[in-house]
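Data first, discussion second: the structure below is written as structure tokens.
For clarity, every value in this text was computed on a predicted model and none was experimentally measured. One is the number of the first residue; the rest follow in order along the sequence.
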Amino acid sequence: MFPLQFGWLTEPGIYWGRIDPWEGDSDTVTVDCQLIAPGNDMDKDTPKTAFITQFHALMLFKDRVKGVCLLNEQSVFDDSYDGTYGGLVGLAHDQVKNIYWAFTEYAVYKYQVVNETRHVWRVYLEQGQFNLAMRHCGDQQAAMDLILTKQAEQLFSEGKWVESAMHYAKTKCSFEEVTLKFMDLEEKNALKNYLKKKLETLKSSEKTQITLIVIWLVEIYQNKLGHLRESGDNTVECQAEFRNLEEEFLALLRQQRVEECIRNNKEVVYSLLGSHGDQRSLVYLAQVLRDTDRVVQYNLRNKQYQAVLSILTTEANPELFYSYCPVLLQSLPKQTVDTLVSMSKLLSPSRLLPALLVSQSADPDVASHSVRYLEHAVSVLFCKDQPVHNLLVSLYTHHNKDKLLTYLTSSSQLHCDTKYALKLCVEAGLVREAVYLYTVLGQHEQAVDLALTLDTDLAASCAAGNQAGAPLGEELTRKLWLKVARHVVQEKNDIKQAMEFLKLCPSVKIEDILPFFPDFVTIDHFKDAIC
């Protein structure tokens with residue numbers, strides 16, 4: 001252990017310095033030594049004795065006690081003595097209580113050291129030793145602010161603008177004054193760093209100033225990135241600078257405070273990024289904000305449909321599927337339907353109808369995959385929504401006619417609108433399907449009439465009640481068979497087949513069909529049929 005400083009009272013004054021065996025030349029242990037003169041012209045005599053404290057020298061003269069600051073040699077107090085109790089004899093120090101005693105022949109005077117360092121920071125500040133000034137200002141916020149301001153001003157005058165900006169950001173200096181100072185500089189790094197540091201010091205309640213700084217920072221970064229992008233400089237150094245600046249900008253967007261601010265003003269920021277043509281940062285920001293709509297729209301504009309499908313699958317948000325499925329179904333029908341099927345439990349077939357409706361007028365590939373999804377909804381999800389079944393019927397009539405009759409007859413109860421389905425079948429010329437639907441609607445006469453245009457056996461099946469799946473009334477059956485018989489006799493002139501129908505319908509007698517035959521028909525024509 002060794003003392004931290006020493007003092008040597010000489011005739012010219014007090015020679016003092018610090019003791020540090022690890023600093024300076026190897027031949028000495030003293031550093032920062034200097035001589036402090038006793039004082040001005042009034043101090044013509046030499047001090048009788050003296051002590052040094054951490055920052056002051058206390059000197060005893062014959063008629064007064066004087067304190068001098070070791071740092072700047074300024075007098076801090078001068079206590080004169082009138083000699084009432086005799087001349088001043090000496091000065092002693094109580095190291096335990098840190099009290100100094102000045103004594104005369106008949107009296108003792110006490111000097112108590114209280115908060116010796118309270119003004120030391122000012123001395124260091126005047127000397128430009130800012131770190132020491134901050135170390136000794138304690139909890140005095142005003143003092144710390146003044147020190148930082150002075151240091152920032154000095155750094156600015158020396159052209160160290162970035163360092164100056166970092167110090168200004170810690171002060172309470174007017175935001176407008178400081179920003180104007182840095183805006184005059186051609187290089188905006190200092191302003192950028194000041195704004196970033198200032199952003200860290202703002203309270204969460206200062207939303208207006210936070211918004212202002214965030215938007216300003218976005219503009220500064222975009223200007224610099226745009227300049228590098230348009231410079232046409234493809235050197236390694238320029239590319240590295242661009243990547244570093246871009247990563248720095250993206251890191252800024254990830255900060256929680258910045259993210260919250262942009263979330264409340266995202267349209268402004270999106271517009272700003274868009275005006276600079278920085279789509280990469282725009283998409284990245286949208287991903288940070290989980291603004292899936294914006295990301296999807298960007299990918300759609302760039303025809304990256306597979307990426308959109310991946311995003312929708314990851315997000316698993318039904319509303320996104322309902323919104324973007326029409327476009328995806330047109331561009332990637334197979335992959336889109338595969339995705340819809342895989343996520344079928346999450347999606348409502350009825351909500352997907354607007355997208356699937358597009359397939360009615362689309363190419364056959366889109367239509368076939370739309371049919372595949374609707375069949376999945378009907379057979380696997382057991383969807384009974386009438387619009388879903390109606391659309392499936394419509395797609396069958398336009399693109400998969402061979403599947404329609406199987407669909408209609410596969411269930412005991414049709415979930416589609418039967419009249420609508422009948423209309424589509426009639427328009428598409430699907431006679432068998434239309435005949436079946438007529439029977440479902442109970443319009444058996446229309447069913448027989450339509451069946452006779454295609455196939456007599458089909459008409460006979462309708463008359464026998466096979467198409468209806470249940471026996472018909474005797475009177476209705478007789479009426480229907482007579483229709484079939486008339487057609488066979490009058491249109492086909494097939495007496496043998498007409499007589500066969502008599503066997504199938506006992507209620508119809510030969511005399512019932514005789515009026516249908518031409519007048520020139522004789523009994524000989526019935527011989528074979530009767531025998």
Item to complete: Please lay out, stage by stage, how Leu352 and Leu340 fare under the test side chain to side chain contact (heavy atoms under 4.5 Å, CB included).
Response: CA-CA 9 Å; Leu352 288 170; Leu340 295 179; 4.1 Å; yes

Tell me whether the count of non-hydrogen atoms from other residues, nucleotides or ligands lying under 6.0 Å of [atom1] in [X] goes above 12.
X	atom1	result
Lys48	NZ	yes
Arg257	CZ	yes
Glu158	CD	yes
Phe77	CZ	yes

Which atom of [X] lies closest to which atom of [Y], heavy atoms considered:
X	Y	result
Cys325	Thr336	SG-CG2, 4.0 Å
Ser331	Tyr305	OG-CZ, 3.3 Å
Leu60	Gly90	CD2-C, 3.1 Å
Leu195	Ile213	O-CG2, 3.5 Å

Give a yes or no on whether the backbone of [Y] and the side-chain of [X] come within a donor-acceptor separation of less than 3.5 Å.
X	Y	result
Asp385	Ser350	no
Arg294	Val283	no
Thr201	Lys170	no
Ser281	Asp278	no
Gln140	Cys137	yes
Thr179	Phe175	yes
Ser370	Val366	yes
Lys188	Leu185	yes

Would you please indicate yes or no on a ring centroid separation below 6.0 angstrom for [Y] and [X]?
X	Y	value
Phe156	Phe182	yes
Tyr109	Tyr81	yes
Phe249	Tyr221	yes

Discussion item. Please verify the inter-ring angle class for His389 with His415; under 30° counts as parallel, over 60° as perpendicular, anything in between as tilted.
Written reply: tilted

Any salt bridge linking [X] with [Y]? Criterion: basic side-chain nitrogen under 4.0 Å from a carboxylate oxygen.
X	Y	answer
Glu219	Lys224	no
Arg243	Glu247	no
Asp94	Lys110	no
Lys197	Glu200	yes
Asp79	Lys66	no
Lys207	Glu260	no

Does either side chain, that of [X] or that of [Y], offer a donor lying less than 3.5 Å from an acceptor on the other one?
X	Y	result
Asp293	Tyr324	yes
Asn189	Glu187	yes
Arg280	Tyr298	no
Thr171	Asp145	no

Do [X] and [Y] make a side-chain contact, defined as non-hydrogen atoms from C-beta onward lying under 4.5 Å apart?
X	Y	answer
Asp291	Tyr270	yes
Cys261	Asn265	yes
Ile14	Leu35	no

Discussion item. Please evaluate residues Glu259 and Arg263 with respect to the criterion salt bridge (Lys or Arg N to Asp or Glu O under 4.0 Å), reporting the C-alpha separation (whole Å), side-chain torsions for both, the decisive distance (0.1 Å), and the verdict.
Written reply: CA-CA 6 Å; Glu259 181 182 336; Arg263 194 180 298 278; 2.7 Å; yes

